[in-house]
Structure formats: structure tokens, C-alpha cells
Number of protein chains: 2
Amino acid sequence: MPDEPRWLADWERDAWLALASLMFKLPSALDAQLLRDNGLTLFDYFVLSNLSMVPDRTLRLSDLAQHTSSSLSRLSNVVKRLEQRGMLRREPDPDNPRYTRAVLSDAGWELVVAAAPGHVAAVRRFVIDGLTKEQVGVLREVACHVARQVSEGAAERPARNC
Amino acid sequence: MPDEPRWLADWERDAWLALASLMFKLPSALDAQLLRDNGLTLFDYFVLSNLSMVPDRTLRLSDLAQHTSSSLSRLSNVVKRLEQRGMLRREPDPDNPRYTRAVLSDAGWELVVAAAPGHVAAVRRFVIDGLTKEQVGVLREVACHVARQVSEGAAERPARNC
DNA sequence: GCATTTCGGTTCAAGCTTGAACTTCATGGC
DNA sequence: GCCATGAAGTTCAAGCTTGAACCGAAATGC
């Protein structure tokens, strides 16, 4: 469509290819650790972890979808499976029955608590450890920038941690 | 398992959550652009693009799997579909019939050429543009570090661009 | 008030990925 | 030469994700 596309310079292309490699590998590596040790996917873990860090361990599904950068459709399926496993329950929001709230169960709480150390260790090993404080700072800036660009391209609000 | 897990400090956790948000959103955003404009997933594009940049537009499947950070199983499926669409063909390696080579067809070449400008524009918009040269440099370092950590944890060789 | 739109959420089919099992072929030991 | 081992690919079932269609309830327009 553009007459003369602005190709990437070498230093830009290298950064992009490295990021692409990360994008393809890191999720499977974290999935593998959690699945092996706790029977959870990374996405499952994020859902439970978000609930565990919030007052009353309760969130509306639409808020949870924002927190986990996921579609409502995907979240609905995952929450259904987690409910069948007894990790949380769904209930209509008493304030406004149009909303559905997900409430973490005790079993769900215990599962997050059990899974957290191994997961954090994996995040340290794969990402954080071995980087300088400056590199971690820039990583945060860059990742926030990307998340913001993607969200605004899709006309959504950016995640709250940016 | 560890007696006292080393939790993440706030500044580490913020960087990790931002990266996680990127990991969840960026692939779908790039998939969406390519799928809409050229009927390709990001992974399809990577396969064709790798072939297009190599002598004879030909690679062994196992090498291609390394280049695209994918399992052989996934690659085998994707290559089969791309072959059915006429974008490439498979043939036994004449040097060593144990290997299978993927050869980009003319239609495949034209598809990559047609898809590249829009894809590069998306990469610019979502990732590169708006960052300083220093940030892009650190992004490359960090992403290479992560890719290396993940690969060595899985006892594989790191990707060649690191 | 009534109709329309919008929002939150669910469901379903289609497609993709994963991991394990399997096949084939080459290589190494003896 | 012969068996065992391992690497390269393929296949298949099971599970997950996606997007579109759908439903019910609230808000909005008039």
C-alpha cells in the first residue's frame, strides 16, 4: 500500500528478530514448567494469580479479561474449566446482575500459593536474573510501549501497569 | 521447593508484568494484520520469509525449525498446509535422503513480497517506532538473553541472531 | 413507555498446537 | 555383516484458541 515501505535497518531488524524469538519460546517454556509442576498453563496461572491479589479474591470477568490481556471468549472457556476443577466459582454480581464475578476458592488459593515459587524461579531464570537494573528498567519501558501501541491500535485501554 | 523463594522486587515485577502483557498481545496483533491482509499467520510468514532469504530458497526442515523457534511437529503441519496451497514444495535432500528440504515456490516468493510491507509497517508501529536507538539496542540485548536462557534450559542451541 | 442499541458473557464449529507413538534411515560398536 | 541407537519427519488424538453468532439485561433515544 505505501509507495516505498520503510524497511527496517539492520539494528532494528536484529532487535525485532530477537524479540520474535522470545515471543515464540518464552510462553512455551513457562507453560511447560507450570504444567509439569502444577498442572496449570501460564494463562490459568495468571487468572488465579490476579484473583489472589485483589480484595475479596473476586473480579468481574470483563475486568479479569483486561488484567490478563485476553478475549472474553478465551477467558470464559478457561474460567469454566477452572470452575469444574473447583479452583474458583462464578456468581452473578449482586450490585448489577448483568456482570459475572469470579471468586477464588480456597483450593484455588492453595494452588496459586503452591505454584508461585516455581513460577517465580522460572521467571527469574529465563528473564530477570543476569540483567542489570538498567536493562530491566528499559525492558519495562519498552514492553509498556509495545503493549500501549497494540492496545490503542485495537482501540482498547492499555493495561494498568503501564 | 526452595526454602525461601526469592520473590520479585517491585521494579522487577513491573518489568515482568509488562513483558507478559506484550507476550499475550503482540502475537495476536501481528497475526491479525497478516491474516486480514494476506491470509497468513505470523508463523506462516516466518516460514516463508526464512526461505526467501536463503540461497536457493531452500532449507532442511530441521534447520527451518531452528530458525523459527518451533517444534518439528508444528513445522511439519504448517509446511504441509503451505505445500497444499502451493507456496512451497517438499523434496528429499539429494545429498542425504534422510533429510527433507522445503523449497519456496514462485507463488510463495510473491506472497512474501506482497506481505512484507504491511508486516514491516505493523512491526514499526507496534514495536520499533517511538523507541530511541538506545532502547532498541537494549531490547535486542534483553531479548537475546531471554532466548538464550530458554534454549539452554531446554538444552538446545540458541538462535543464530544472538 | 417502547424500540433500539450496547454491553457482558456464553457457545459452537473450525482451525491450530502439542506430545506421544511410529517409521525410516543412517551411524556406531563389535 | 548385524544389532542397537539415534536423528529426521510424520501422524494422530486430545486439548486450546478464535471469531462469529447468539442471548439476556441494561441503558439510551425519542
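Here the structure is a predicted model, which is why all the values come from computation and not from measurement. Order of the sequence lines sets the chain letters (A, B, ...), proteins ahead of strands, with each chain counted from 1.
- Here the OG-CG distance, from A/Ser49 to A/Leu111, works out to 11.0 Å after rounding to the nearest 0.5 Å.
- Using modelled atom types and a 3.5 Å distance limit, the side chains of A/Asp31 and A/Ser28 yield no donor-acceptor pair.
- Classified by interplanar angle (parallel below 30°, tilted 30° to 60°, perpendicular above 60°), the ring pair B/Tyr45/B/His119 is tilted.
- Shown for residues 29-51 of chain B: no residue has heavy atoms falling under 4.0 angstrom of DNA chain D.
- The environment of CG in B/Asn96 is crowded: more than 12 heavy-atom neighbours from other residues, nucleotides or ligands sit within 6.0 Å.
- Residues forming a salt bridge (Lys or Arg N to Asp or Glu O under 4.0 Å) with B/Arg81 (at least two apart in sequence, or on another chain): none.
- Contacts between residues 70-78 of chain A and DNA chain D, defined by a heavy-atom separation under 4.0 Å, are made by A/Ser73, A/Arg74, A/Asn77, A/Val78.
- Listed in residue order, the members of residues 86-101 of chain B having a heavy atom less than 4.0 Å from DNA chain C are B/Asn96, B/Pro97, B/Arg98.
- Panel note: side chain A/His145, backbone B/Asp129; a donor-acceptor pair is recorded below 3.5 Å.
- Using a 4.0 Å cutoff to heavy atoms of chain B, the contacted part of DNA chain D runs 5' to 3' from D/dG6 to D/dT11.
- Within the 4.5 Å cutoff, side-chain heavy atoms of B/Val127 are placed close to those of B/Leu139.
- Identified under the ring pair (Phe, Tyr, Trp, His ring centres under 6.0 Å) test for residues 90-111 of chain A, with sequence neighbours left out: none.
- One can place CD of A/Gln66 at 9 Å from P of C/dG8, the figure rounded to the nearest angstrom.
- With A/Arg57 contributing its side chain and A/Leu48 its backbone, the two residues share no donor-acceptor pair below 3.5 Å.
- Although no hydrogens or angles enter the test, the distance criterion places a donor-acceptor pair under 3.5 Å between the side chain of A/Glu83 and the main chain of A/Arg90.
- A distance-only check finds a donor-acceptor pair linking the side chain of A/Asp93 to the backbone of A/Asp95 [under 3.5 Å].
- When atom types are taken as modelled, the side chain of A/Ser76 and the backbone of A/Leu72 share no donor-acceptor pair closer than 3.5 angstrom.
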